[in-house]
4 protein chains.
Amino acid sequence: MRKVEQIFQGAVDIFAEKGFDRATMDEVAERSGVAKGTLYYHFDGKEDLIAFLMEEGLERLSKYVHEAVAGCDDPAEQLRRAIYGLVRFFDQNRDFCQMLLMGVWFNRERQVQFRQILRNFYSQLAAIIQAGMERGQLRPMPAELSATGLFGLISVISLRVILDGDAMDCEQLGNFIFQQYLNGARICGEKETSL
Amino acid sequence: MRKVEQIFQGAVDIFAEKGFDRATMDEVAERSGVAKGTLYYHFDGKEDLIAFLMEEGLERLSKYVHEAVAGCDDPAEQLRRAIYGLVRFFDQNRDFCQMLLMGVWFNRERQVQFRQILRNFYSQLAAIIQAGMERGQLRPMPAELSATGLFGLISVISLRVILDGDAMDCEQLGNFIFQQYLNGARICGEKETSL
Amino acid sequence: MRKVEQIFQGAVDIFAEKGFDRATMDEVAERSGVAKGTLYYHFDGKEDLIAFLMEEGLERLSKYVHEAVAGCDDPAEQLRRAIYGLVRFFDQNRDFCQMLLMGVWFNRERQVQFRQILRNFYSQLAAIIQAGMERGQLRPMPAELSATGLFGLISVISLRVILDGDAMDCEQLGNFIFQQYLNGARICGEKETSL
Amino acid sequence: MRKVEQIFQGAVDIFAEKGFDRATMDEVAERSGVAKGTLYYHFDGKEDLIAFLMEEGLERLSKYVHEAVAGCDDPAEQLRRAIYGLVRFFDQNRDFCQMLLMGVWFNRERQVQFRQILRNFYSQLAAIIQAGMERGQLRPMPAELSATGLFGLISVISLRVILDGDAMDCEQLGNFIFQQYLNGARICGEKETSL
DNA sequence: GATGAATGAGGTTTCATTCAT
DNA sequence: GATGAATGAAACCTCATTCAT
């Protein structure tokens, strides 16, 4: 499966650069260092390749976050680690993340499949949030919705940094997002119900 | 031009459904109820049409938020109105918003153009946040970054609701997002520095 | 529909020469004197084009035979005229007929469609044979089966002549086939039941 | 070779189903139950495989008819046996016969080769017909042409029955064809020159 | 003898764009 | 202003063949 890994790398690379539709299979092959026929030997076609990348990539992301969180019992700390982990993963896999985030918004043709995959990932976050509420650390709220919002917060900020080509200070960015998500923008001591 | 408005509606509709690259000019023409030649009579080509849609649409969005915020002097209240306005706009212009969010992260060729347009919009939010900090309502933080995060929060949640095809309760969703952004997920009274 | 007629001629020409599968759409376009895109503007694809040729061609053949037979009330004479007409049509439309006969034997994928078209043609012959039996000119026998056999007789002989590149003497060949079909190979006066 | 026989069976099967050009070597391998490389180990390529099938198959056909006719001295009876034998062979080797008949009329590249093979077979029939004429059993006529017509009669009827998927009553069908060929369609006692 | 991953020439099809009407 | 038949560059995909194992 040497070639499959080559294809994974090359495809992620070119898809992030040009988008799923504008990158051609010729380009994928060239970037991967395999012949065009090899792509079709291992995958049923372009759509199948894209689906594989999304699944494989999100699996890696899930695993990464899972490991970051593992061995910690406190939901709030888990949340912190998950956020830091995500930011680091985004930083280290810029191409994949850019590709992933392009997939998120996908059109109705491809949406069903991708959003299902993504939903599995949301659930990971939602489970932590749920636990936080049960421990009395987080306010009662719809955990799925909050997880979705958290993912939006992280990904849009990270993608902006990626697209601007900045070298991301993961520590700083992770902290900012964590504070933003947990404590909000309100100033300390301001009454919550003030508005 | 009667036809131009027809094209705007039809193009937004089909682009939201299939994406910029997968929707063909034939489909745009058919959905718009005009002949294909007519598209080229009014626009220089596909890219020109897309640029027109983005500019025109973002102008409408900016104007919508601007009017929602107008006549209010309190930054926190402005923020609330901006968020509610955005959610309502998403709800009322689902096709356009889906198209917008797909377009923003698109391939690097179109990115520069679109992200510049979007950045103008971020600035609107950032200005409000900046004012909030100066009034002592919001914590000191990078306003641009926070505005970006807020936009991610709003758009990812809204898009999820749109794609799920749910009838969105704007009031409720707007409130959730506003609370999330302003107060965070932490439970009332929990010490900020507890983690 | 100038171009469609051009395509009909060119496609029949090249398909007869190289076969349906080995003739490329490029070659069809070139032989027809139209651009490749034009083929796809008028037809949904190669299969659709082939189906059109078969239908259109068999319709012309049916019409030709119909006219040859028209204005004659005697079944035996109709049969004679039909056979002579078929032979003449084969002679004058060698390309189409070669293509047609290739289609007859087609594989199971394409067979259903083609054989239905061909069956319509068999019925024309069967109707004449049926009438001949009712008039007491022909022996009682399954008309459809006999029509199928007659078609086989005519087409295989004609195709052999075509493929050999012989200039066909229609008069002579028509007479041979007519005698063969009507009187058989047995010598005059030989007892039928002798074997 | 065990494998070669496997390939013969599998190849005939898939070629009859999809045609020579549309059946792929992958499909041949799969249907045969051997690896693709094995095909190329035993044959020089696709064309070589097809040529082998045709030669091998026609040899079997010739032999089958030869044996059916053997030990009989009367041309008319030989003809009857040849026809019955052919019908039975068609019935028992449907796939091969369908493949054979498709191949014969194929593109001009392969035509020359195949038609030469087929012509050898025609000669078998023509020899019998010739003998029949010399014995005074059959009318004087071009033997080759009549053999070609007889082959058309048999094959088109048989193929129709095969393709319709009917269980063929060989006895009945053989008799019908024999009568048709020998006595023609004309009613008993009708004057030959009546038309 | 037998295998199947890998190849790339060449096929089918798509679609943005043009232009005569 | 508006149209849609026509175009061809460029995309996706197929498949006979090779070759290291």
Side-chain angles (χ1 to χ4, degrees), chain A residues 1-4 6-7 21-30 32-49, chain B residues 1-4 6-7 20-30 32-50, chain C residues 1-4 6-7 21-30 32-49, chain D residues 1-4 6-7 20-30 32-50:
Chain A
M1 288 296 149
R2 181 89 208 84
K3 297 274 174 184
V4 170
Q6 266 176 263
I7 293 171
D21 290 306
R22 304 186 75 103
T24 71
M25 289 299 265
D26 276 272
E27 287 169 323
V28 172
E30 192 192 345
S32 305
V34 303
K36 199 180 355 176
T38 308
L39 298 181
Y40 287 91
Y41 183 77
H42 289 289
F43 301 97
D44 282 343
K46 195 178 186 179
E47 292 300 311
D48 185 51
L49 172 58
Chain B
M1 293 312 102
R2 183 88 215 89
K3 296 272 175 187
V4 170
Q6 265 177 267
I7 293 170
F20 289 123
D21 287 307
R22 298 175 84 81
T24 69
M25 290 299 266
D26 276 270
E27 287 169 321
V28 171
E30 192 192 343
S32 304
V34 303
K36 192 163 32 162
T38 309
L39 298 181
Y40 287 88
Y41 182 78
H42 289 289
F43 299 95
D44 282 346
K46 196 180 187 179
E47 292 300 313
D48 184 50
L49 171 59
I50 291 171
Chain C
M1 287 298 149
R2 182 88 208 84
K3 298 274 172 182
V4 171
Q6 268 177 261
I7 293 171
D21 289 308
R22 301 179 85 93
T24 70
M25 290 298 265
D26 276 272
E27 288 168 323
V28 172
E30 191 191 345
S32 304
V34 303
K36 201 180 350 177
T38 308
L39 298 180
Y40 288 89
Y41 184 78
H42 288 289
F43 301 96
D44 281 344
K46 196 177 187 180
E47 292 300 311
D48 186 50
L49 171 59
Chain D
M1 294 310 104
R2 184 86 215 91
K3 296 272 176 186
V4 169
Q6 265 177 265
I7 292 171
F20 288 122
D21 287 308
R22 299 176 84 79
T24 69
M25 290 299 267
D26 276 89
E27 287 169 322
V28 171
E30 192 193 344
S32 304
V34 303
K36 191 160 36 158
T38 309
L39 298 181
Y40 287 89
Y41 182 79
H42 289 288
F43 300 95
D44 281 346
K46 194 178 186 180
E47 292 302 312
D48 184 50
L49 171 58
I50 291 171

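Below, read A as the first sequence line, B as the second, and so on, with proteins coming before strands; counting in each chain starts at 1. On a predicted model such as this, the values are computed, not experimentally measured, just so you know.
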| Separation of atom CG in A/Leu49 from atom C1' in F/dA11, rounded to whole Å | 15 Å
| remark: In whole angstroms, the gap separating C1' of E/dG4 from CZ of A/Arg2 amounts to 19 Å
| query | With D/Ala23, which residues qualify under side chain to side chain contact (heavy atoms under 4.5 Å, CB included), at least two apart? | reply | D/Ile14, D/Phe15, D/Lys18, D/Glu27
| query | Considering only the C1' atoms, how many Å lie between E/dG1 and F/dT21, rounded to the nearest integer? | reply | 13 Å
| request: Check the distance between F/dA16's C1' and D/Asp48's CG and give it to me in whole angstrom. | output: 13 Å
| field | Strand DNA chain F as a dot-bracket string - pairs counted if Watson-Crick or G-U with both distances under 3.5 Å, | where the partner lies in another strand | value | .||||||||||||||||||||
| note | Sorted by chain and number, sequence neighbours left out, side chain to side chain contact (heavy atoms under 4.5 Å, CB included) with B/Phe43 holds for B/Val4, B/Ile7, B/Asp48, B/Leu49, B/Phe52
| said: Both A/Val34 and D/Leu39 contact DNA chain E. Taking the nearest nucleotide for each, which residue is further toward the 5' end? | reply: D/Leu39
| said: D/Lys46: which residues meet the side chain to side chain donor-acceptor pair (under 3.5 Å) condition with it, sequence neighbours left out? | reply: none
| What string of B, S and - do you get for nucleotides 13-21 of chain E 5' to 3' if you count protein non-hydrogen atoms under 4.0 Å? | BBSSBB---
| field | Interatomic spacing from NZ in D/Lys36 to OG1 in D/Thr24 - rounded to 0.5 Å | value | 7.5 Å
| message | I need the minimum non-hydrogen distance between D/Ala35 and D/Ala29, along with the two atoms involved. | response | C-CB, 4.0 Å
| query | Can you tell me how far the NE2 atom of A/His42 sits from the NZ atom of A/Lys3, to the nearest 0.5 Å? | reply | 8.0 Å
